[in-house]
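A short worksheet on the structure shown next.
All values reported here derive from a predicted model rather than from experimental measurement.
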Amino acid sequence: MATNKKQYDKMTKKASPPSPLLKNCFNAFWIGGVVCMIGEGFKMLYGYFKFNEDETKAAVTVTLIVITAILTGIGIFDRIAKVAGAGTIVPITGFANSVVSPAMEFKTEGSILGTAANIFKLAGPVILYSVAAAFVYGVVYYIAEKI
């Protein structure tokens, strides 16, 4: 039985009910806020231990990456992300999750062909376009300074 566009649209709407937008926005806001609050807590902790500003920034970043990688590895981060949605895409935690998730999917294929080969599957484009954007920004900045 062939379906036309109207029938297909009707079937699609029936199969995928709308998301609760207000609830999703609220969850993203408060859970993202908690993630940022945890980062601030680590910043205060490292400041208490007399880390200088650069050391504190690096330590907080690494700490959040390690915690996210561990939580992703044991399956907790995905459960948090189901509730938080975009709230877990605070840049550091989202990036760490995007690196670890593909590696976890392919761990059954072994360390080399599974985990190592797929670890940057999703994060690779992010790294590529970040570097490309930084390059373009640098060129524009250089030209603007010369004018």
Side-chain angles (χ1 to χ4, degrees), residues 3 5 8-9 11-13 15-147:
T3 58
K5 184 171 176 12
Y8 181 77
D9 288 343
M11 290 183 342
T12 303
K13 285 181 184 177
S16 55
S19 298
L21 183 63
L22 189 60
K23 178 185 169 195
N24 290 348
C25 288
F26 177 75
N27 284 339
F29 178 77
W30 81 264
I31 294 175
V34 168
V35 171
C36 293
M37 193 172 68
I38 291 168
E40 283 295 317
F42 281 118
K43 181 180 173 188
M44 292 169 58
L45 177 70
Y46 294 130
Y48 175 79
F49 287 116
K50 307 290 188 233
F51 283 38
N52 68 36
E53 188 177 344
D54 289 337
E55 292 170 337
T56 300
K57 290 176 185 176
V60 169
T61 301
V62 169
T63 303
L64 289 175
I65 288 171
V66 168
I67 290 171
T68 302
I70 291 169
L71 291 177
T72 299
I74 59 178
I76 293 174
F77 194 86
D78 291 336
R79 285 187 266 164
I80 295 169
K82 281 183 183 177
V83 176
T88 56
I89 306 180
V90 175
I92 293 298
T93 57
F95 181 74
N97 183 55
S98 72
V99 170
V100 175
S101 291
M104 296 303 298
E105 280 184 44
F106 295 97
K107 70 180 179 183
T108 56
E109 295 177 20
S111 297
I112 304 298
L113 296 177
T115 303
N118 290 290
I119 197 160
F120 288 110
K121 192 173 234 172
L122 183 63
V126 173
I127 294 169
L128 172 72
Y129 289 113
S130 298
V131 170
F135 175 77
V136 169
Y137 175 78
V139 169
V140 169
Y141 182 78
Y142 178 78
I143 292 169
E145 287 294 310
K146 293 294 180 181
I147 294 178

Would you tabulate the side-chain donor-acceptor contacts of residues 32-44 under 3.5 Å, counting partners in other chains and residues two or more places apart, or write 'none'?
none

*Count the heavy atoms of every other residue, nucleotide or ligand shown that sit under 6.0 Å from CG of L22, and state whether that count exceeds 12.*
no
*To the nearest 0.5 angstrom, please state how far the CZ atom of R79 sits from the CG atom of L71.*
10.0 Å
_Interatomic distance, I92 atom CD1 to I67 atom CD1 [nearest 0.5 angstrom]_ = 12.5 Å
*Output all residues satisfying salt bridge (Lys or Arg N to Asp or Glu O under 4.0 Å) with K146, sequence neighbours left out; order by chain, then residue number.*
none
*May I ask you to decide if N52's main-chain N or O and T56's side chain share a donor-acceptor pair within less than 3.5 Å?*
yes
*So how far is it from F51 CZ to L45 CG, rounded to the nearest 0.5 Å?*
8.0 Å
*asked:* Between T72 and N97, is there a side-chain donor-acceptor contact under 3.5 Å, judged purely by atom types and distance?
replied: yes
*Between V100 and G73, what is the shortest heavy-atom contact and its length?*
CG1-N, 4.3 Å
*Take D9 and K5 through the test salt bridge (charged side-chain N to carboxylate O under 4.0 Å, His left out) and record every step on the way to the result.*
CA-CA 6 Å; D9 288 343; K5 184 171 176 12; 3.3 Å; yes
_Considering only residues two or more places apart or on different chains, which pairs with a residue in residues 15-24 satisfy side-chain hydrogen bond (donor to acceptor under 3.5 Å, both in side chains)?_
none
*With rounding to the nearest 0.5 Å, note down the distance linking CG in D78 to OG1 in T88.*
9.0 Å
*In terms of ring plane angle, is the pair Y137 and Y141 parallel, tilted or perpendicular, where the classes change at 30° and 60°?*
parallel
